[in-house]
Participant: 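Quick one: structure below, then a few questions.
It should be emphasised that the depicted structure is a prediction, and the values quoted were computed from it without experimental measurement.
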Amino acid sequence: MTALLSSEILKLRTTRVPYVFAGIVTLLGAGAAAIFVISDSLEDDDAWLVLAQGANFGNILATILGILIVTNEYRHGTINSTFLVEPERERVLGTKLVAGVIAAALLALLAFASAAVI
């Protein structure tokens, strides 16, 4: 299982899409937080909730990234070699799920960090 997970992480690290999404999430989180700061809505007691809502814009991109983790392999035909290495589809898809959760958690932390910095 660890070999499959490291393979999925390697696939994510060597494509451009996660880095582009990370940049977009950073800009969205920081931009939304800047708008909240400019509008003086941080004077409320729920300032952290407002910042978290600014960081929440990256959820759709994390969902799209999870979809792309699976569908890009089918699009390029590399899923065949993946299933040749590990013929149990449940293990492959479970590993893709774990890799997607890790990537989504990193995107969420990045969005929240950029919103908190603002």
Side-chain angles (χ1 to χ4, degrees):
M1 183 89 165
T2 59
L4 282 174
L5 185 59
S6 64
S7 167
E8 290 300 323
I9 299 295
L10 179 66
K11 289 176 192 175
L12 278 173
R13 286 187 313 148
T14 56
T15 58
R16 289 183 296 221
V17 173
Y19 299 112
V20 171
F21 281 3
I24 292 171
V25 163
T26 303
L27 290 176
L28 284 175
I35 289 171
F36 288 134
V37 168
I38 290 171
S39 68
D40 289 331
S41 63
L42 289 178
E43 295 174 359
D44 302 334
D45 293 333
D46 299 328
W48 285 105
L49 179 64
V50 172
L51 288 176
Q53 288 173 347
N56 197 24
F57 289 113
N59 284 345
I60 189 70
L61 291 177
T63 304
I64 293 171
L65 181 63
I67 292 168
L68 288 176
I69 287 173
V70 176
T71 57
N72 276 342
E73 284 205 60
Y74 282 100
R75 177 179 166 221
H76 295 291
T78 57
I79 195 73
N80 295 330
S81 61
T82 301
F83 286 140
L84 282 174
V85 170
E86 178 57 55
E88 293 183 31
R89 293 175 186 253
E90 293 85 12
R91 287 186 67 180
V92 171
L93 294 177
T95 307
K96 287 183 179 299
L97 175 68
V98 170
V101 167
I102 291 170
L106 290 175
L107 284 177
L109 285 174
L110 183 64
F112 187 74
S114 65
V117 166
I118 296 297

Participant: Can you name the residues that form a side-chain contact (heavy atoms from CB on, under 4.5 Å) with Ile67, not counting sequence neighbours?
Facilitator: Thr63, Thr71
Participant: Tyr19 side chain to Arg13 main-chain N or O, any donor-acceptor pair under 3.5 Å?
Facilitator: yes
Participant: Find the distance between CG (Asn80) and OH (Tyr74) and round it off to the nearest 0.5 Å.
Facilitator: 9.0 Å
Participant: Sub-3.5 Å donor-acceptor pair from the side chain of Ser114 to the main-chain atoms of Leu110, do we have one?
Facilitator: yes
Participant: Under the side chain to side chain donor-acceptor pair (under 3.5 Å) rule, what pairs show up with a residue in residues 96-111, not counting sequence neighbours?
Facilitator: Glu8-Lys96, Glu73-Lys96
Participant: List the residues meeting side-chain contact (heavy atoms from CB on, under 4.5 Å) with Leu12, not counting sequence neighbours, and say none if there are none.
Facilitator: Pro18, Leu65, Ile69, Ala99, Ala103
Participant: Look at the side-chain heavy atoms of Ile, Leu, Val, Met, Phe, Trp and Tyr, link any pair under 4.5 Å apart, and say whether Val85 and Ile79 land in one connected group.
Facilitator: no
Participant: Rounded to the nearest 0.5 Å, what separation is found between the CD1 atom of Ile60 and the CG atom of Leu28?
Facilitator: 11.5 Å
Participant: Determine whether Lys11 and Thr82 satisfy the following criterion, side-chain contact (heavy atoms from CB on, under 4.5 Å), listing intermediate values before the conclusion.
Facilitator: CA-CA 11 Å; Lys11 289 176 192 175; Thr82 301; 3.3 Å; yes
Participant: With rounding to the nearest 0.5 Å, note down the distance linking CG in Leu5 to CG in Leu10.
Facilitator: 11.0 Å
Participant: Are Phe112 and Leu109 connected in a single hydrophobic cluster, I mean Ile/Leu/Val/Met/Phe/Trp/Tyr linked by side-chain heavy atoms less than 4.5 Å apart?
Facilitator: no
Participant: Drop me the distance from Leu97's CG to Glu90's CD, to the nearest 0.5 angstrom.
Facilitator: 13.0 Å
Participant: Are Leu106 and Val101 co-members of a hydrophobic cluster defined by side-chain heavy atoms under 4.5 Å apart?
Facilitator: no
Participant: Enter the distance from Ile9:CD1 to Leu4:CG here, rounded to the nearest 0.5 Å.
Facilitator: 11.5 Å
Participant: Go through Arg75 and Asn72 one step at a time and tell me if the side-chain contact (heavy atoms from CB on, under 4.5 Å) criterion holds.
Facilitator: CA-CA 5 Å; Arg75 177 179 166 221; Asn72 276 342; 4.0 Å; yes
